[in-house]
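Scroll down for the structure; my scribbles are underneath it.
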Number of protein chains: 2
Amino acid sequence: MKISEVSEQSGLSADTLRYYEKIGLLPPIHRSESGIRNYGEQDVRRIDFVKCMRSAGLPIEVLIDYFALVEQGDATIAARKMILQEQRAQLIAKMAEMQETLDLLNQKIQGYEEGVLKAEQALSENRLPAQAP
Amino acid sequence: MKISEVSEQSGLSADTLRYYEKIGLLPPIHRSESGIRNYGEQDVRRIDFVKCMRSAGLPIEVLIDYFALVEQGDATIAARKMILQEQRAQLIAKMAEMQETLDLLNQKIQGYEEGVLKAEQALSENRLPAQAP
DNA sequence: GTAACACCTGGAGTTAACTCCAAGTCAAGG
DNA sequence: CCTTGACTTGGAGTTAACTCCAGGTGTTAC
């Protein structure tokens with residue numbers, strides 16, 4: 001698979017794919033004789049994994065460390081598991097924060113709905129309401 | 001309230017508070033005669049709001065736009081509501097992505113748990129299992 | 001009065017994660 | 001043979017959001 005195909009399929013730009021390889025987030029991709037990258041199935045699977053983790057905000061550094069451990073074989077399974085557990089904990093925490101924000105946003109939006117309602121009522125009755133930020 | 005107190009109470013650094021003011025995310029804070037910021041209750045409430053929104057990843061730009069509308073009074077209520085709804089939609093989408101990542105992370109971790117289990121069994125029986133990244 | 005301390009400013013530096021660019025190579029079509 | 005277009009590289013530039021610093025001023029404690 002050429003870089004343009006992988007780019008299309010993954011939604012990551014070719015630049016990003018090369019960048020990921022350069023910094024070691026992807027392994028050195030096999031090349032044709034003329035030096036053109038040819039992504040294998042395993043590469044594509046890794047890219048999908050990376051994309052998923054990145055979309056949730058896991059830092060590239062962490063993923064690099066993780067894959068470095070994968071390279072080193074089964075002796076590192078415990079360490080890998082710890083990395084994933086740590087990231088999971090952070091993800092859960094972040095989602096909880098976002099839920100709080102979501103709740104507040106919902107409140108505010110509802111406040112505006114009610115505010116507008118009141119304002120409309122007031123307008124048709126010639127009164128003036130007010131609302132906080 | 002002095003900047004150090006607000007900093008302590010909000011968890012934002014004094015530098016960040018000044019930065020927020022400089023870029024217009026906070027209004028010009030009232031000063032003492034000698035030029036020292038004196039944050040009022042309203043400022044503190046706004047800072048809490050900003051902090052909450054920022055913790056969920058809402059861009060500063062969006063918040064600045066939002067507060068600019070607030071300044072302009074009730075005529076902008078519909079626009080404000082739209083901003084919040086848009087941000088809510090993005091937040092929900094992001095949380096869904098994170099949930100997917102969380103699911104995958106859970107799968108992987110469980111895979112490692114089972115993998116280790118198999119490995120331990122195999123070790124005590126002199127067999128060799130394997131596992132993917 | 002002076003030393004220590006919190007605060008001020010403008011501006012430079014940092015970080016993560018891309019993104020873009022110039023200049024070059026190669027394969028295929030006309 | 002020549003052009004077109006996808007690919008290559010190393011390196012520079014961008015963006016968001018801080019974070020730090022030097023140099024200066026005002027306030028407080030002794």
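A, B, ... follow the sequence lines: proteins, then strands. Residue 1 opens every chain. On a predicted model such as this, the values are computed, not experimentally measured, just so you know.
- Against DNA chain C, the stretch residues 93-102 of chain A makes no heavy-atom approach under 4.0 Å.
- Closest approach of B/R46 to B/P27, counting heavy atoms only: CZ-CD, 3.6 Å.
- Within a 6.0 Å sphere centred on CD of A/E8, heavy atoms belonging to other residues, nucleotides or ligands number 12 at most.
- D/dT9 atom P lies 7 Å from atom CD of A/E21, rounded to whole Å.
- Between the side chains of A/D103 and A/Q99, at least one donor-acceptor pair of N or O atoms lies under 3.5 Å.
- Of the candidates C/dT19, D/dC21, C/dC8, C/dT19 carries the atom nearest the A/D15 side chain, counting heavy atoms from C-beta on.
- The residue among B/P59 and B/R18 whose nearest nucleotide of DNA chain D lies closer to the 5′ end is B/P59.
- Scanning all heavy atoms of the two residues, the minimum distance from A/V44 to A/Q9 falls at CG1-OE1, 3.4 Å.
- In this structure, B/Y19 does not reach the D/dA16 phosphate: none of its side-chain N or O atoms is under 4.0 Å from OP1 or OP2.
- Rounded to whole Å, the distance from CG on A/L17 to P on D/dT8 is 10 Å.
- The closest donor-acceptor contact from the side chain of B/T101 to the backbone of A/C52 lies under 3.5 Å.
- Panel note: side chain B/D43, backbone B/G40; a donor-acceptor pair is recorded below 3.5 Å.
- For B/R54, taking side-chain heavy atoms from C-beta onward, the closest of the listed nucleotides D/dA17, C/dC18, D/dT19 is D/dA17.
- One can place NZ of B/K2 at 14 Å from P of C/dC5, the figure rounded to the nearest angstrom.
- When the P atom of C/dC18 is taken as reference, atom CG of A/L63 falls 10 Å away, rounded to whole Å.
- Side-chain nitrogen and oxygen atoms of A/S13 include none within less than 4.0 Å of the OP1 or OP2 phosphate oxygen of C/dC18.
- Within the 3.5 Å criterion, the main-chain N or O of B/A79 finds no donor-acceptor partner in the side chain of B/T76.
- Summarising the geometry, the separation between CD1 on A/I3 and C1' on C/dC26 is reported as 16 Å, rounded to the nearest angstrom.
- The two atoms that bring B/S7 and B/A14 nearest to each other are OG-N, 3.7 Å, heavy atoms only.
- Taking atom CD on A/E61 and atom C1' on C/dC18, their separation rounds to 15 Å, with Å as the unit.
- Distance alone, capped at 3.5 Å, is enough to place a donor-acceptor pair between the B/E21 side chain and the B/I29 backbone.
- DNA chain C is contacted by B/K22, B/R31, B/G35, B/I36, B/R37 of residues 22-41 of chain B, taking any non-hydrogen atom closer than 4.0 Å.
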